[in-house]
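A short write-up of the structure that comes next.
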Amino acid sequence: MTGALTLAPWIPVVPFAAFLIALFVGHLAPRTLPRDGGLVGVAATAISLVLSAWAFLTVSGGTTGLETVWNWVPAGAGPFGLTFGVLVDPLSALMVCIVSGVSFLVHVFSLGYMNDEGEPGLARYYAGLGLFTASMLAFALSSTLVEAFVFFELVGFCSWWLIAHWFREPGPASAAKKAFLVTRFGDYFLLVGVVGVLGTFGTAAFAGPNSFPAAARAAIAGTTNANTFGFGAETWVTALCLLVLGGVIGKSAQFPLQTWLPDAMEGPTPVSALIHAATMVAAGVYLVARIYGLFALSPQAMAVVALVGGFTALFAATMGTVKREIKQVLAYSTISQYGYIMLGLGSGGYVAAVFHLLSHATFKALLFLGAGAVIIAMHHDEDMWKMGGLKSRMPVVYWAFLSGALALAGIVPFAGFWSKDAVLYRALTVGLGGQPLVLFAYAMGLVAVFVTGFYTFRMVFLTFHGEPRSEEAASVDGTRANMRYPVAILGVGAAVVGFANVDSLRSYVGSNALYLERWLNGGLPGVSGGTADYYGGLVRSVAGFHAASFDPLVSAGVSLVFALCGVGLAWAWYNVPDPSERTDVLGAAKTLLYNNYYQDEFQTWLAQGVAEPLARGVDVFDGSVIDGVVDGVSSVSLSGSGRIRRIQTGVVTTYAEQLVVGLVVLLVVVLLLGRWF
Amino acid sequence: MVPLQYYLVLSGAVFCIGVFGVLARRNAIVFLMSVELMLNAANLVFVASSAQYGTIAGQTFSLFTMALAAAEVAVGIGIVLVLYRNFEGVDVTIANAMRD
């Protein structure tokens, strides 16, 4: 690690120090902690943000770094070495900037959302935020899959901690448990995948000449032999990808493990912003982007990723159309948008997916913080049907929120338009290039654009437009500065971030203006792999995903028309002084959507109707058969030994008798066998 | 010269007397004496065979046996003394506490 990158390990260490300070000082001497640890957290994330920006600038100068920090198991000591290191390349430098930036704004916002409202347990809250940020930064900078797995789990633990902040109420406590257990379920597959990668390639390194994506490519090309446990190399790599995908589906809330995320809205709103924009949910798709060199080798795994993404995008969006609470709408939009990122990754659009990750982080953090400001103004009433008319009373929040909503709906020229369209264009061209599954996923994603436009602006119109529909809405106060500024900053971001990669206008502006694509083409010096071009080559030559030629402006126009139709429908139905619930026209389907397709009920039935009777049966078998055999053996030996112990009289004559009898018997046997008689 | 079979029969008889003593008598002193009888029955066979075959190995073994018997008596008398002190008698059937 050279130059400024020697400071890179400090990026996660500083928030970790803030965690320790908030935890121990907050416990031992809470009065000495300024603003209950809030200022420590703000300072730590500010330092992290500066260090991240410095790393970003260093990387943009062409310097990247890969360094081992700790040798857990040295490479020579066993079949494989386990190391913890720091990998600073364009992808991780971009990610740490997103994470520390969002985390910094969330910390500032928390001063207004939590401290000024006099919430209890703030030291615990800020300790959780610090550890959450530290874990995610360390995850983003991980240089091996094992290290990434450790921090992946820590991220899951921290989300449990923070969702359960108001743990004395039953809702948050059970939501936190659900989030932890559902994501853990996916992580079992990831753990098996990690072990599989180690067992197959003998290394878990992400980058460098001895990395496992490089080894996998060599194994598929047939130039080296890997231990594929008797399967063909392609089959086995696909299996490993799907195992890792299990963890990704859990963390990134993709179908069918997305049920934890709407419940996680029980946590404080700044935590929701952090979870959705930068940390927990982003960890899943970031992991796929990190090991894209492995996924790009397997067309089957890519198709599964694309299908899961496209289906989730549509599936979650439909549920968002009928929700009453503002945060519920945002939760389903998060699931849906991460579906787009998965669709982009699955169709080979590495740059498009990372771009959507960046723009989504910006506008979703904005929407959640804006929703937080609205919720504070409404005295923690989240029902949109009691809002209305907030536009004139909180103008800064309104305009920023509108910017985020336009970005989410994908209206030109806001961030979400460029990135979502890049994803859809990529999926369309690959689908037309001979991948019908990807084309199907694209179709679902395109329909979801219409639904997204509708539910986004239903939310905006119900919240901010029309007349106030309750006393709280009629008498809200202005938003305080520590909540207003983060929202305003992100509002500007959501409007301009899209210009980082105006992919739809590629033929007009030239590829030099596609800053993100150029950025992601910087890899580690002296090492092939890890650049966007390298991944593109793998997708074409190994996975066999060829892009058909198609006019990007037509694709962009089609998705824009879909989005505008959705917005227009929301305008017609809800931008009126006295809106009514027009989604009642859906009839029974609305009930289905409102109850999330009864997935929670289905999963509860799986647990209570299938798993529990099965467990009971096993328990009965264990109690009767297994325990019966064990008890039988013990009672037979007990009673038998009770009888046999009677020959032990303790009288020496008895033992002499036994000796003699034994000797005589032995003699007789030997003589008989020796045929001496 | 007396044939070897006679010595063997005599030795067997002495050995059986010793076994009988061990099994049937309760006095610890008699117990010890019976053990001596068995040992000397073995000695008798050693010496007789040695004389019969003109080798010296049997006589050598009988010397070892005598030394063994002396050591055994020393230990045995010690045990008898302890028995007497603890149970005020030398009846071997009284001491059965090591059963447990």
Side-chain angles (χ1 to χ4, degrees), chain A residues 73 77-78 611-677, chain B residues 4-5 8-9 11-42 45 65 68-69 71-100:
Chain A
V73 178
E612 201 176 346
L614 194 68
R616 276 187 206 291
V618 172
D619 184 49
V620 167
F621 177 79
D622 180 55
S624 55
V625 177
I626 307 281
D627 284 6
V629 168
V630 173
D631 290 350
V633 167
S634 76
S635 64
V636 163
S637 64
L638 260 181
S639 65
S641 61
R643 288 189 172 81
I644 293 174
R645 75 192 286 264
R646 291 187 197 151
I647 65 168
Q648 302 279 351
T649 59
V651 179
V652 70
T653 317
T654 322
Y655 298 114
E657 269 169 28
Q658 288 161 5
L659 266 175
V660 171
V661 169
L663 179 69
V664 169
V665 168
L666 203 62
L667 271 177
V668 168
V669 168
V670 167
L671 294 182
L672 281 177
L673 289 180
R675 301 187 183 285
W676 287 17
F677 291 139
Chain B
L4 183 60
Q5 288 88 337
L8 291 183
V9 170
S11 161
V14 171
F15 189 85
C16 286
I17 292 169
V19 170
F20 174 78
V22 167
L23 295 184
R25 306 303 293 267
R26 302 166 71 175
N27 190 319
I29 307 289
V30 178
F31 219 88
L32 270 182
M33 288 158 62
S34 306
V35 173
E36 285 301 309
L37 276 181
M38 288 192 278
L39 282 168
N40 282 314
V45 178
T65 313
L68 186 75
E72 181 249 315
V73 166
V75 175
I77 293 291
I79 292 175
V80 171
L81 275 175
V82 174
L83 198 64
Y84 183 77
R85 276 189 204 146
N86 281 295
F87 297 97
E88 317 229 313
V90 287
D91 190 338
V92 290
T93 56
I94 300 171
N96 61 2
M98 284 178 71
R99 178 177 56 188
D100 306 316

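Here is how names work: the chains are called A, B, and so on, in the same order as the sequence lines, proteins then strands, and each is numbered from 1.
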Look at atom CZ of B:F87 and say whether more than 12 heavy atoms of other residues, nucleotides or ligands are closer to it than 6.0 Å. yes
Chain B interface, residue from A:T649, A:L659, A:V660, A:T654 that has the most non-hydrogen pairs under 4.5 Å: A:T649
At their closest point, which heavy atom of A:T653 faces which heavy atom of B:V22, and how far apart are they? CG2-O, 3.8 Å
Of the listed B:V92, B:L23, B:V19, the one with the largest count of heavy-atom pairs under 4.5 Å with chain A is B:L23
Above 12 or not: heavy atoms from other molecules or residues under 6.0 Å from OH of A:Y655? yes
